[in-house]
Amino acid sequence: MSLANTKTAYGAVTRSLHWLTALGILIMIPLGWIAHFAPWETEAQLAVKAQLFSVHKTIGVALFFIALFRILWALTQTKPAPLHPERRAEVLAAESVHWLLYSTLVIVPLSGWIEHAATEGFAPILWSFGQDLPFVPNSDSVAEAAASVHFLAQWLLVAALALHVAGALKHAVIDRDGTLARMLRGAEGGSHGASHVVLRPVALALAAWVAVIGGGAAAGMFSTEEAPAAPQLAEAQSDWQVTEGTLAISLVQMGKEIEGSFADWTAEIAFEPRETPGKAGEVTVQIAIPTLTLGSVSKQALGADFFNAEEHPTATFTADILRADSGYEAQGTLTLKGAEVPVTLPFELTLENGTATMQGSTTLDRRNYEIGSSMNDPDQLSFEVAVDVALTATKN
């Protein structure tokens with residue numbers, strides 16, 4: 001049994017890769033659809049859905065590498081001659097479908113992998129090599145574009161596969177020739193003098209891609225929804241002017257930490273340092289909720305079940321600044337999504353030549369604000385949300 005191809009027969013490696021790819025496709029496509037339509041109303045259903053997607057993604061990554069190896073192997077091999085070179089239209093159609101299959105077998109799993117790498121925290125690939133890809137940022141727009149390509153490419157793969165199977169059945173049932181035997185057991189067939197066409201099949205396959213991707217673009221699949229408009233925050237009338245600062249949050253989704261921050265917020269600060277415990281001032285912080293970026297889940301986080309930024313575009317933290325036995329803390333109320341909850345923020349403060357530098361952290365329970373109320377399992381989405389504040393301010 002020859003491992004390599006000849007001019008009239010497929011070798012064992014080519015045939016093994018063909019059937020291994022076929023098996024992977026037969027598992028991956030229905031598994032992806034089952035995972036997509038699986039319910040997720042309950043914690044148990046969501047866990048099953050995530051596991052189905054994890055298996056689907058893992059098989060997809062495996063198929064990507066198999067497809068790459070298959071293409072590289074094919075480039076080093078002689079391609080057996082067609083059995084019926086005189087049937088030019090049939091040969092052209094078969095070659096075009098083969099190019100479509102090769103391209104979709106790379107682009108379908110790769111686009112799915114890119115979508116996965118651009119998102120955070122849901123249905124990990126079941127391996128130990130990490131979940132990210134080089135040059136792929138955590139980004140809603142990247143994830144959505146890759147998801148659109150993945151969706152369109154999977155249907156092109158299904159169409160190419162259907163044509164490929166239909167052609168094989170024609171050869172087996174109607175022509176009764178040796179096409180299937182060549183791929184099953186390496187039987188010989190075809191003429192040594194026959195050759196394959198290349199340019200026209202590649203052009204037809206490329207035209208199919210242009211039609212599918214162009215149709216998807218025309219249908220608006222690559223357009224992104226605009227985030228809720230950020231409110232214009234009033235300028236803070238403060239004794240201290242914030243010159244720089246960050247307001248960051250982090251939480252854990254499906255075992256992975258997700259970090260984000262608010263781009264627009266103001267702080268109105270009245271403060272006089274003191275050495276003994278007691279009230280040292282007051283602070284009011286206004287936060288523009290739509291300016292939140294939270295990795296690839298920013299859009300989800302701003303949605304109705306989470307921050308509901310459209311209905312509640314601002315949050316307010318009003319507190320007294322107290323000198324404690326050790327350091328300072330802001331004790332007050334955070335008004336967020338219509339809920340008013342007491343919050344204490346301990347912080348460290350450094351004062352030097354009229355400049356104050358502070359760093360503080362606290363933990364909120366998202367359930368107090370009905371954020372992610374449909375996700376009641378902390379293993380899926382942590383109840384605790386860490387808040388980190390750092391700023392530098394100068395005395396006016």
Side-chain angles (χ1 to χ4, degrees), residues 4-11 13-22 24-25 28-29 60 63-114 145-146 148-171 175 177 179-180 182-183 189-219 221-222:
N5 295 353
T6 68
K7 291 184 178 180
T8 57
Y10 291 103
V13 174
T14 297
R15 289 184 285 112
S16 297
L17 290 172
H18 176 274
W19 293 113
L20 183 60
T21 301
I25 293 173
M28 183 182 69
I29 291 178
L63 274 177
F64 171 74
F65 287 112
I66 292 171
L68 282 184
F69 180 73
R70 183 179 178 185
I71 292 171
L72 292 174
W73 177 257
L75 292 175
T76 67
Q77 297 295 298
T78 300
K79 187 169 183 179
L83 289 179
H84 308 287
E86 71 282 359
R87 303 178 186 174
R88 294 184 179 180
E90 184 177 293
V91 172
L92 177 61
E95 296 285 354
S96 301
V97 169
H98 274 110
W99 280 105
L100 266 183
L101 281 172
Y102 278 138
S103 59
T104 53
L105 285 172
V106 171
I107 293 176
V108 170
L110 179 59
S111 58
W113 196 357
I114 291 173
S148 296
V149 172
H150 187 68
F151 176 80
L152 295 170
Q154 74 173 354
W155 287 110
L156 197 55
L157 171 59
V158 170
L161 185 63
L163 290 172
H164 183 67
V165 172
L169 290 174
K170 174 186 177 295
H171 283 289
D175 297 337
D177 57 24
T179 298
L180 190 57
R182 290 211 296 181
M183 190 53 71
S191 170
H192 284 267
S195 61
H196 293 272
V197 292
V198 176
L199 292 181
R200 282 182 294 171
V202 170
L204 288 173
L206 182 59
W209 274 108
V210 170
V212 169
I213 299 298
M221 293 188 65
F222 295 96

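Worth knowing before you read on, the calculation uses all heavy atoms, side chains too, and leaves out hydrogens, waters and symmetry mates.
Partners of Ile107 by side-chain contact (heavy atoms from CB on, under 4.5 Å), not counting sequence neighbours, listed by chain and number: Val149, Ala153, Trp209. Under the rule for a side-chain contact (heavy atoms from CB on, under 4.5 Å), the partners of Leu163 that lie at least two apart in sequence or sit in another chain are Val97. A search for ring-ring contact (aromatic ring centres under 6.0 Å, His included) contacts involving His98 returns His164, not counting sequence neighbours.
Side-chain atoms of Thr104 never come within 3.5 Å of backbone atoms of Leu156 as a donor-acceptor pair (strictly under, hydrogens ignored). A distance-only check finds a donor-acceptor pair linking the side chain of Trp19 to the backbone of Met183 [under 3.5 Å].
Ala146 approaches Ser111 most closely through the heavy-atom pair CB-O, 3.5 Å. Heavy atoms only, all atoms of each residue included: Leu161 and Leu101 are closest at N-CD2, 3.9 Å. Pairing each heavy atom of Gly112 with each of His150, the nearest pair is N-ND1, 3.3 Å. Here the shortest heavy-atom pairing between Ser96 and Ala205 reads O-CB, 4.0 Å. Of all heavy-atom pairs spanning Trp99 and Pro201, the tightest one is CD1-CB, 3.7 Å. Heavy-atom minimum distance, Arg182 versus Gly189: NH1-O, 2.9 Å.
Using a 4.5 Å heavy-atom cutoff, the side chains of Leu17 and Phe69 are in contact. When side chains are defined from C-beta on, Arg70 counts as touching Tyr102, because their heavy atoms get closer than 4.5 Å. Contact annotation: the side chain of Met28 never approaches that of Gln154 to less than 4.5 Å [non-hydrogen atoms, C-beta and beyond].
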- Message: As a quick check of understanding, evaluate side chain to side chain contact (heavy atoms under 4.5 Å, CB included) for Phe222 and Leu152, giving each step before the final call.
- Response: CA-CA 11 Å; Phe222 295 96; Leu152 295 170; 4.0 Å; yes
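Interatomic distance, His84 NE2 to Asp177 CG, rounded to the nearest 0.5 Å: 3.5 Å. To the nearest 0.5 Å, the span separating OG1 on Thr179 from CG on Leu83 amounts to 4.0 Å. Atom CG of Leu100 is separated from atom CG of Leu105 by 10.5 Å, given to the nearest 0.5 angstrom. Here Ser103 contributes atom OG and Leu157 contributes atom CG; the two are 9.0 Å apart, rounded to the nearest 0.5 Å. Here the CG atom belonging to Asn5 is positioned 9.0 Å from the CZ atom belonging to Arg15, to the nearest 0.5 angstrom. Note: Leu92 CG to Arg200 CZ = 5.5 Å, rounded to the nearest 0.5 Å.
For Trp113, the CH2 atom sits in a packed shell: over 12 heavy atoms of surrounding residues, nucleotides or ligands are nearer than 6.0 Å. Other residues, nucleotides and ligands contribute only 12 or fewer heavy atoms inside 6.0 Å of the CG atom of Leu199.
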